[in-house]
*Asks:* 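Quick one: the structure is below, and I'll ask about it shortly.
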Number of protein chains: 2
Amino acid sequence: MKSSVDGTLAALADPTRRGVVDLLRERPYRASEIADAMATSRPAMSRHLRVLRKTGLVEERELPEDARVRVYQLRQKPFTELRSWVEEVEAFWSDQLQAFKAHAEQRRPRRP
Amino acid sequence: MKSSVDGTLAALADPTRRGVVDLLRERPYRASEIADAMATSRPAMSRHLRVLRKTGLVEERELPEDARVRVYQLRQKPFTELRSWVEEVEAFWSDQLQAFKAHAEQRRPRRP
DNA sequence: ACAGTCGTGAACGATTGGGTTAACTATTTC
DNA sequence: GAAATAGTTAACCCAATCGTTCACGACTGT
């Protein structure tokens, strides 16, 4: 029973990768630009980008006029799924019964 | 420049801790119940709960009629903040200029 | 007072994850 | 064809993390 947000959260846990996501909010960037912007080496960034790719957070495309460069862009789906999950958690507080639930444990008999 | 979602994402990256959050969506639980539900040892769960506490995802309270047991409950704030961040990222696609941005890199001159 | 329960803390071992440097491939440029 | 560039892969090191077991302090019930 493994949720779809599983990989997403793991990918976003790393501050460098979250920085990449924040950078790509602006526009697509090429791999080397991302590495420079985050002040990390290209091999290190290459592996971060692979993680982001495998979890579907970004997609890569080739630059038509120069087949060496890879341009990275955000993908929508995992973020939508993550927001869904967060909203489900937030439903905890909008629930009418929440106040009751909060005290359910306190009213519990000592030895059930 | 460290975002507030930083700790939140790190805390949620662990599947056990995310499972705890999913469990607590239902109602507050005591520490030992959480450990049992997640099928992990109590010391291990104790440390997970400490992480969740320090990042503000849960709060602990004492059971009035038995000062030994600690009841854990979700806190709203970090989830709201996380949703905010996700929504900011999602704004990427609702942006009118997004289609243009997507191609900006492609149209880039070879040697700027 | 004593035995049992709840939860935490400490010490150990194993695994994972990220960074670095050094090749290596593919492509472009002259 | 030779040199330069973009990016990835590979091999290694280090630090952080998670689980386990054992011990402890706090509290409870008889």
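Chain letters run A, B, ... following the sequence lines, proteins first, then strands; residues in each count from 1.
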*Asks:* If you compare all heavy atoms of Glu33(B) against all heavy atoms of Tyr29(B), which two are closest, and at what distance to 0.1 Å?
*Replies:*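 In terms of heavy atoms, the two residues are closest at OE1-CD2, 3.4 Å.
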*Asks:* Please round to the nearest 0.5 Å and tell me the distance separating atom CH2 of Trp93(B) and atom CG of Leu74(A).
*Replies:* 5.0 Å
*Asks:* Using the salt bridge (Lys or Arg N to Asp or Glu O under 4.0 Å) criterion, which residues pair with Asp6(A)? Sequence neighbours excluded.
*Replies:*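 Here the qualifying residues are Arg18(B).
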*Asks:* Give, for atom OG of Ser4(B) and atom CG of Leu82(B), the distance between the pair rounded to the nearest 0.5 Å.
*Replies:*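 It comes to 8.5 Å.
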*Asks:* Below 4.0 angstrom, N of the basic side chain to O of the carboxylate: do Arg53(A) and Glu59(A) qualify?
*Replies:* no
*Asks:* How many whole angstroms separate atom CD of Glu65(A) from atom P of dT28(C)?
*Replies:* 10 Å
*Asks:* Taking 4.0 Å as the cut-off, does a side-chain nitrogen or oxygen of His48(B) come that near to OP1 or OP2 on dT17(D)?
*Replies:* no
*Asks:* Once you build an axis from the first five pairs and another from the last five of the helix from dG7(C)-dC24(D) to dC30(C)-dG1(D), how far apart in angle are they, to 10 degrees?
*Replies:* 30°
*Asks:* Could you list the residues that satisfy side-chain contact (heavy atoms from CB on, under 4.5 Å) with Thr80(A), not counting sequence neighbours?
*Replies:* Gln76(A), Arg83(A), Glu90(B)
*Asks:* Scan the side chains in residues 38-51 of chain B for donor-acceptor partners under 3.5 Å anywhere in the protein, sequence neighbours excluded, and list what turns up.
*Replies:*
{"from": "Ser41(B)", "atom 1": "OG", "to": "Ala44(B)", "atom 2": "N", "distance (Å)": "3.3"}
{"from": "His48(B)", "atom 1": "ND1", "to": "Arg17(B)", "atom 2": "NH1", "distance (Å)": "3.1"}

*Asks:* Are Ser41(A) and dT20(C) close enough that a side-chain N or O sits under 4.0 Å from OP1 or OP2?
*Replies:* yes
*Asks:* To the nearest 0.5 Å, tell me how far Leu23(B) CG sits from Thr16(B) OG1.
*Replies:* 12.0 Å
*Asks:* With sequence neighbours left out, what residues match Asp36(B) under side-chain hydrogen bond (donor to acceptor under 3.5 Å, both in side chains)?
*Replies:* none
*Asks:* What nitrogen or oxygen pairs link the protein and nucleotides 4-8 of chain D at under 3.5 Å?
*Replies:*
{"from": "dT5(D)", "atom 1": "O2", "to": "Arg68(A)", "atom 2": "NH1", "distance (Å)": "2.9"}
{"from": "dG7(D)", "atom 1": "OP1", "to": "Ala31(A)", "atom 2": "N", "distance (Å)": "3.4"}
{"from": "dG7(D)", "atom 1": "OP1", "to": "Arg70(A)", "atom 2": "N", "distance (Å)": "3.3"}
{"from": "dG7(D)", "atom 1": "OP2", "to": "Ser32(A)", "atom 2": "N", "distance (Å)": "3.0"}
{"from": "dG7(D)", "atom 1": "OP2", "to": "Ser32(A)", "atom 2": "OG", "distance (Å)": "2.6"}
{"from": "dT8(D)", "atom 1": "OP1", "to": "Tyr72(A)", "atom 2": "OH", "distance (Å)": "2.8"}
{"from": "dT8(D)", "atom 1": "OP2", "to": "Ser46(A)", "atom 2": "OG", "distance (Å)": "2.9"}
{"from": "dT8(D)", "atom 1": "O5'", "to": "Ser46(A)", "atom 2": "OG", "distance (Å)": "3.0"}

*Asks:* Rounded to whole Å, how long is the line connecting atom CG of Leu63(B) with atom C1' of dA26(D)?
*Replies:*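 Atom CG in Leu63(B) sits about 15 Å away from atom C1' in dA26(D).
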*Asks:* Classify the nucleic acid contact of Ala67(A) as base, sugar-phosphate or nothing, counting any heavy atom under 4.0 Å across all strands shown.
*Replies:*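 Sugar-phosphate only.
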*Asks:* Counting only non-hydrogen atoms, which of residues 9-16 of chain A are less than 4.0 Å from DNA chain D?
*Replies:* none
*Asks:* Would Arg75(B) pass as a cation-pi partner of Phe79(B), given that its NZ or CZ must be under 6.0 Å from the six-membered ring centre and within 45 degrees of the axis?
*Replies:*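 Pair Arg75(B)/Phe79(B) does not count as cation-pi.
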*Asks:* Identify, with sequence neighbours excluded, every residue that meets salt bridge (Lys or Arg N to Asp or Glu O under 4.0 Å) alongside Glu88(A).
*Replies:*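 With neighbours one apart ignored, the set is Arg25(B).
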